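What follows is a set of notes on a single structure, which appears directly below.
Computed from a predicted structure; not experimentally measured.
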Amino acid sequence: MSRQAPVIVITGTPGTGKSTHAHILANESPIPLEHINVGEWVKEKDLYDKYDQEWQSYTVNEDRLLDQLEPIVSKGGVILDWHTCEVYPERWADLVVVLRCDHTKLWERLEKRGYPLKKIQENNEAEIMQVVLEEARSSYPEEIVVELSSEGTEDLETNIARIVEWIEIWRKEHVGKT
């Protein structure tokens with residue numbers, strides 16, 4: 001697939017800073033990137049089968065989601081921000097960033113969001129067990145999966161700089177020198 005801009009997947013357990021990273025990256029990228037918050041996209045485009053009140057989450061219709069994303073992603077220049085990544089076809093991603101956070105800090109972040117205790121516990125356990133990281137590693141070539149710490153502002157700045165540097169290299173390798 002020949003694209004003028006990469007597709008970057010930013011994933012991680014809820015509360016690890018995916019949307020913040022994606023928003024800042026879209027603004028600081030040397031080439032235009034569209035940030036798609038997939039969770040919001042699902043709600044806006046009615047791409048779910050039901051809402052689970054107990055878990056306060058949507059059951060996503062993955063086929064409809066992928067059908068909606070395919071024409072956008074195929075052009076490149078997209079940041080996909082979601083708590084999972086294994087649903088995307090391997091061919092879509094040029095870089096998969098898995099954000100990680102200390103579980104005690106994650107717990108505090110999820111409490112501030114007003115998550116129910118059961119959901120906080122499940123997400124905290126998923127972070128401890130590296131569920132999202134393992135999904136990424138089993139779904140994509142290891143050379144495109146990057147694990148980054150997301151504990152605070154310093155990590156955020158370092159991570160954005162690192163991804164911007166990766167974009168510059170990707171552009172030179174795929175688009176040629178500008």
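Clustering ILVMFWY residues whenever any of their side-chain heavy atoms sit less than 4.5 angstrom apart, transitively, puts Val42 in the very cluster that holds Val78. Tracing side-chain contacts under 4.5 Å through hydrophobic residues (I, L, V, M, F, W, Y), one reaches Val7 starting from Val132; they form part of the same cluster. Hydrophobic clustering, with ILVMFWY side chains joined whenever heavy atoms are under 4.5 angstrom apart, groups Leu156 together with Leu95.
For Trp92 and Glu70, the side-chain atoms include at least one donor-acceptor pair closer than 3.5 Å. A side-chain donor from one of Ser19 and Asn37 sits under 3.5 Å from a side-chain acceptor of the other.
The only option from His23, Lys18, His35, His21 that meets the side-chain hydrogen bond (donor to acceptor under 3.5 Å, both in side chains) definition with Asp81 turns out to be His35.
Of all heavy-atom pairs spanning Ile31 and Arg171, the tightest one is CG2-NH1, 3.1 Å. The nearest pair of heavy atoms linking Asn124 to Leu106 is CA-CD2, 4.2 Å. Counting all heavy atoms, side chain and backbone alike, Thr11 lies closest to Cys85 at OG1-N, 4.0 Å.
Qualifying side-chain contact (heavy atoms from CB on, under 4.5 Å) partners for Pro141, counting only residues two or more places apart in sequence or in other chains: Glu90, Glu143, Ile144. Residues that satisfy the side-chain contact (heavy atoms from CB on, under 4.5 Å) test with Gln56, not counting sequence neighbours, are Tyr51, Pro116, Lys119. Judged as a side chain to side chain donor-acceptor pair (under 3.5 Å), and not counting sequence neighbours, the contacts of Glu40 are Lys43.
The OG atom of Ser150 sits 6.5 Å away from the CG atom of Asp155 when rounded to the nearest 0.5 Å.
Panel note: side chain Arg100, backbone Glu127; a donor-acceptor pair is recorded below 3.5 Å. Using modelled atom types, no side-chain atom of Tyr140 and backbone atom of Glu135 make a donor-acceptor pair closer than 3.5 Å. The backbone N or O of Pro71 lies less than 3.5 Å from a partner atom in the side chain of Ser74, making a donor-acceptor pair. When atom types are taken as modelled, the side chain of Glu151 and the backbone of Asp102 share a donor-acceptor pair closer than 3.5 angstrom.
Comment: Arg137 does not engage Glu142 in a salt bridge, judged by the lack of any side-chain N to carboxylate O separation of less than 4.0 angstrom. Between Glu108 and Lys105 there is no salt bridge, since no side-chain nitrogen of the basic residue lies less than 4.0 Å from a carboxylate oxygen of the acidic one. In this structure, Glu165 does not pair ionically with Arg162, as no charged nitrogen and carboxylate oxygen lie closer than 4.0 Å.
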Verdict with reasoning, Tyr48 to Asn61, per side chain to side chain contact (heavy atoms under 4.5 Å, CB included): CA-CA 5 Å; Tyr48 57 90; Asn61 183 315; 5.9 Å; no
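You'll find the side chain of Asp94 reaches within 4.5 Å of the side chain of Arg3, heavy atoms only. Side chains of Tyr88 and Leu69 form a contact here, defined as non-hydrogen atoms less than 4.5 Å apart.
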